[in-house]
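Below, all heavy atoms of this structure are taken into account, side chains as well, without hydrogens, waters or symmetry copies.
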Amino acid sequence: MKIGKDACSISRVPAGEVEAAVIAQVRKVLQAPEVMSQAIREVVALDPTADEQETILTLQSIEPAWDELFPAERARIIQLLVERVTVSPTGLRIDMKTAGMRELILSVIPEGKKAA
């Protein structure tokens, strides 16, 4: 924007479409088996007494409840998980934060269950 629209290889991109694509990808990531496995390892590392099944149910409950979450809560989850979104002539690239899932897990584990 600072150097002018002619300096960019991409014309204007509808923000709503980009946002919808990012949200759809984050929702898929939250349900991916490999992400779920990593999340369980993170939870057990944080709290060795954690119930793996309860962890799975907690993380799986985020996706179906997504549409019911307040916009601020959805934005917080996206900010925890997404590092950067890059739009290019070939498509959309979403870089995820490596520590994002850990932060999300910490935010959903009840206070009394977090290891000190």
Side-chain angles (χ1 to χ4, degrees):
M1 290 180 75
K2 289 181 182 178
I3 58 176
K5 67 179 182 173
D6 296 331
C8 185
S9 61
I10 298 184
S11 62
R12 296 174 192 230
V13 180
E17 290 179 24
V18 173
E19 182 178 334
V22 170
I23 290 171
Q25 187 62 35
V26 167
R27 289 174 82 163
K28 281 183 190 176
V29 165
L30 287 172
Q31 295 301 307
E34 60 275 8
V35 172
M36 198 63 66
S37 296
Q38 178 61 33
I40 292 167
R41 286 192 295 274
E42 290 281 345
V43 169
V44 171
L46 292 169
D47 179 7
T49 65
D51 181 348
E52 289 185 16
Q53 193 62 32
E54 183 180 338
T55 302
I56 291 169
L57 291 173
T58 299
L59 291 173
Q60 286 178 337
S61 71
I62 294 172
E63 205 288 325
W66 184 267
D67 294 328
E68 305 302 319
L69 294 174
F70 287 113
E73 184 63 14
R74 287 187 287 208
R76 186 184 73 79
I77 292 171
I78 295 295
Q79 289 171 350
L80 283 173
L81 299 176
V82 176
E83 178 77 33
R84 174 187 211 108
V85 177
T86 306
V87 179
S88 70
T90 58
L92 190 67
R93 181 175 145 194
I94 303 168
D95 297 324
M96 305 297 281
K97 290 181 183 176
T98 54
M101 184 58 78
R102 184 174 194 273
E103 295 301 316
L104 178 60
I105 291 165
L106 283 171
S107 72
V108 296
I109 293 176
E111 242 355 271
K113 295 220 173 208
K114 293 179 187 174

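The minimum heavy-atom distance linking Gln79 with Lys97 is given by the pair O-NZ, 2.6 Å.
Contacts of Val18 classified as side-chain contact (heavy atoms from CB on, under 4.5 Å), with partners at least two apart in sequence or in another chain: Val13, Val22, Val85, Val87, Leu92. Checked against side chain to side chain donor-acceptor pair (under 3.5 Å), Arg93 has the following partners two or more places apart in sequence or in another chain: Asp95. For Thr90, the side-chain contact (heavy atoms from CB on, under 4.5 Å) criterion is met by Ser88, not counting sequence neighbours. Evaluation of the side chain to side chain donor-acceptor pair (under 3.5 Å) rule for Arg41 yields Gln38 as partners, not counting sequence neighbours. Glu73 is linked by a side-chain contact (heavy atoms from CB on, under 4.5 Å) to Leu69, Arg76, Ile77, counting only residues two or more places apart in sequence or in another chain. The side-chain contact (heavy atoms from CB on, under 4.5 Å) search around Gln25 returns Lys28, Val29, Ile94, not counting sequence neighbours. For Arg27, the salt bridge (charged side-chain N to carboxylate O under 4.0 Å, His left out) partners two or more places apart in sequence, or in a different chain, are Glu63, Asp67.
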Evaluate side chain to side chain contact (heavy atoms under 4.5 Å, CB included) for Val82 paired with Met96, printing each intermediate quantity in order.
-> CA-CA 4 Å; Val82 176; Met96 305 297 281; 4.2 Å; yes
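Identified under the salt bridge (charged side-chain N to carboxylate O under 4.0 Å, His left out) test for residues 17-26, with sequence neighbours left out: none.
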